[in-house]
Amino acid sequence: MTKRAYSYLRLSTGPQLKGDGRRRQLKASRAYAESNGLELAEDAQYEDLGVSAFKGANVRGGKLGLFLEAVQSGAVKPGSYLLVESLDRLSRQELLKAQSLFLSIIQGGINVVTLADGRLYPAGTNDLGDLIYSLVVMARAHEESQIKSQRIGAAWKNKRTRAASQIPMTKWCPAWLKLADNRACYEPIPERIEIVRGIFEDAASGMGIYSITTGLNQRGVPTFDSPNGWHMSYVTKILCNRAVLGEFQPHRREAGKRVPDGEPSRSYYPAIIDEALFYRVQLAKSERRVSGKGRKGTAFTNLFSGLALCAYCNSPMKLENKGTGRKGGAYLICDSALRKLGCTGIRWRYRAFETSFLAFVEEVDLGGLTNEAAESTKLRLESDIAAIKGELAQVEQLMEKTYAVLTTGGPIEFVTAKLKEQEARKAELLKRLQSYESEREQAVSRQDQTHRSKEEIRELVGRVQRTEESEMFRLRARLASHLKMLVERLSVATLPIQPKGHKTLRHQKGDGRYFEVWLRNGPGRAVYPTIDDPLGYDEQVMIWDGKGSPPRTSFGTSIDLSHISLSKLG
């Protein structure tokens, strides 16, 4: 019976992959099999292309590991041949590990052939000469790789030192930059810089990754390197990449993993995004992960995604589209009621709810939001506050990572210095945050308290709901992001039945449905809209007198505070 031979090829470096190594090794395998009466298993060829054997990657997760499994399972029969160019194709690890791998193959009943010298290591061999020769070859292979690794490591260490002086290490850089002709610095690519800035501005305005990505593809915006359009993963990487601030974090290899090596270089790249915008985006992303999940469609249909909760069971209020027809349209409905999980809540037509909310929650600055040229001081402060909160979150994450290093036995002096540095940064940010929040409160207190007429409110709400399609998504995304920063809690009661335990608010007229909104920095109120007129209401009740912090109570809990009925519109 003809013995089977299996070819194993491994090429690790760029030049090897681009060169003639693969064809050469395959040709040698076929020639050996033919001249020795072996059947070459063309259908079971093992190749590790671009895989190094210095750390054993070809065994742990490569095709050589699969070959060893096939030997153990019996899929590769004892007496078969393994054809390799040389023993260093199998392993370049330290001698004991390389020898153990080699012995496991021949002790598994496999004959090993090194094609470069035509040497055969028979299965189960005990020949002293064969074993000594194999040890010499493998020891030399490891020594060569070790020297090469040390030289490369020293070269990269020198480059990382130069990076601290803003001297480019390599030609590689973020896709929106290029290495200058004199190799002394990196230069921006103007058209790509514009695209990156647009991505950040969209993210800061409240647009999610999916919407930004589809928008780029729909507008035919050219990609940086992908022939298949923009991908969500790539947009996410751009938004997280501190290279937009000019930062570069050197890394080194440690136990097969990339780990930070020293402090980041702050001005290694040209900065193309200011820090305030970067941190606003980080805060917006974290808030969407918590409360704003889900794709928004072409018009950002639901402004209250992740905000509105059912007053009866505290489940999220979902948007349900019932299509066209007399009873069709979009509705808010309790998720538990929709899924028949016991809640008795009913539907509230979405457009009517949105109109009432925007009309009566006066803190939503529709004028500023619908007219970017006239954006108010209050909105500017909200943006600054969001940026500081985003940077605070980053500092706290870094502190947690630093604590983790300390608990795993990191150098105490170094870690302590880092913690002190971050503590000082945190204290500075908290001080700035307090200053901005104080300024915002003063701006709110100076705000004109004159109620708009019903006609003025109707016009502003209509602007949000009937904007040209090209601007609709951007405007509503900006409004939704503003609501996330403004609203602490939003409770929606769709029935003329008071939530259990809710004693201070009771309907006086109409069907009694209402919504209760608590603001992060402002009054809380309950609004009972008129059933046939979303711009009218039967009653408004203040549920916080504006002094001190709003009480932290759960929805539906009795709030026995001063409550003031407000005058009706126009």
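Just the heavy atoms: all of them, side chains too, but no hydrogens, waters or symmetry mates, feed the values below.
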Given Glu516 and Arg525, is the salt bridge (Lys or Arg N to Asp or Glu O under 4.0 Å) satisfied, shown in steps?
-> CA-CA 6 Å; Glu516 177 182 314; Arg525 63 167 60 87; over 6 Å; no
In terms of heavy-atom contacts, Leu277 and Ala204 come closest through CD1-CB, 3.6 Å
Output yes when a side-chain donor or acceptor of Ser226 lies under 3.5 Å from a complementary backbone atom of Asn228, and no otherwise.
-> yes
Do Tyr528 and Arg513 touch side chain to side chain, with heavy atoms closer than 4.5 Å?
-> no
Close side-chain approach of Arg197 to Ile272, heavy-atom, < 4.5 Å | yes
Close side-chain approach of Thr344 and Tyr312, heavy atoms under 4.5 Å = no
Closest approach of Ile199 and Ile212, non-hydrogen atoms and distance?
-> O-CD1, 3.9 Å
Evaluate the side-chain contact (heavy atoms from CB on, under 4.5 Å) criterion for residues Met232 and Tyr210: first the C-alpha distance (whole Å), next the side-chain angles of each, then the deciding distance (0.1 Å), finally the verdict.
-> CA-CA 6 Å; Met232 291 175 62; Tyr210 170 79; 4.0 Å; yes
Take atom CD of Gln434 as the centre, draw a 6.0 Å sphere, and report whether it contains more than 12 heavy atoms from other residues, nucleotides or ligands.
-> no
Determine, stepwise, if the pair Ile388 / Leu430 fulfils side-chain contact (heavy atoms from CB on, under 4.5 Å).
-> CA-CA 8 Å; Ile388 292 177; Leu430 288 172; over 6 Å; no
Output yes when a side-chain donor or acceptor of Ser305 lies under 3.5 Å from a complementary backbone atom of Asn302, and no otherwise.
-> no
Main-chain N/O of Trp230 paired to Asn217 side chain as donor or acceptor, under 3.5 Å = yes
Do Leu495 and Trp348 have side chains that get closer than 4.5 Å, going by heavy atoms?
-> no
Look up atom CG in Leu332 and atom CZ in Arg351, then write down how far apart they are to the nearest 0.5 Å.
-> 12.5 Å
Reported OH-to-CG distance for the pair Tyr350 and Asn321, which is rounded to 0.5 angstrom | 12.5 Å
So which heavy atom on Leu309 is nearest to which on Pro316, and how close?
-> CD2-CA, 3.8 Å
Within-4.5 Å side-chain heavy-atom neighbours: Glu396 and Gln422 = no
Residue pair Phe353, Tyr331: steps toward the ring-ring contact (aromatic ring centres under 6.0 Å, His included) verdict | CA-CA 9 Å; Phe353 177 84; Tyr331 294 83; over 10 Å; no
Flag the pair Pro534 / Ser356 as yes when at least one side-chain heavy-atom distance between them is below 4.5 Å, and no otherwise.
-> yes
Considering all heavy atoms, the nearest Val281-Phe200 contact = CG2-O, 3.4 Å
Return yes when atom CD of Glu428 has more than 12 non-hydrogen atoms of other residues, nucleotides or ligands closer than 6.0 Å, and no otherwise.
-> yes
N-O pairing of Glu423 and Lys426 below 4.0 Å | no
SG on Cys334 to CD on Glu320, rounded to 0.5 Å | 11.5 Å
Is Ser315 reaching over with its side chain to a backbone N or O of Cys310, donor-acceptor style, under 3.5 angstrom?
-> no
Quick one: does Arg192's side chain have a donor or acceptor within less than 3.5 Å of a partner on Leu177's backbone?
-> no
Polar contact flag, side-chain donor to acceptor under 3.5 angstrom, Tyr279-Glu275 | no
Is there side-chain contact between Ile346 and Ile333, with heavy atoms separated by less than 4.5 Å?
-> no
So, do Phe357 and Val487 sit near enough that their side-chain heavy atoms are less than 4.5 Å apart?
-> yes
With respect to Tyr186, which candidate in Trp176, Tyr269, Phe248 satisfies the ring pair (Phe, Tyr, Trp, His ring centres under 6.0 Å) definition?
-> Tyr269
Can you check whether Gly329's main-chain N or O pairs, donor with acceptor, with Arg349's side chain at less than 3.5 Å?
-> no
Supply the atom-to-atom distance Leu307 CG to Glu488 CD, rounded to the nearest 0.5 angstrom.
-> 10.5 Å
Does the Glu194 side chain pair with the main chain of Pro190, one donor and one acceptor, at a distance under 3.5 Å?
-> no
Between atom CD1 of Ile273 and atom CG of Asn241, what is the distance when rounded to the nearest 0.5 Å?
-> 11.0 Å
At their closest point, which heavy atom of Glu354 faces which heavy atom of Leu303, and how far apart are they?
-> OE1-CD1, 3.5 Å
For residues Leu239 and Gln282, report the shortest heavy-atom separation together with the two atoms involved.
-> O-NE2, 2.9 Å
Measure the spacing between OH of Tyr234 and OG1 of Thr223 and express it to the nearest 0.5 Å.
-> 8.5 Å
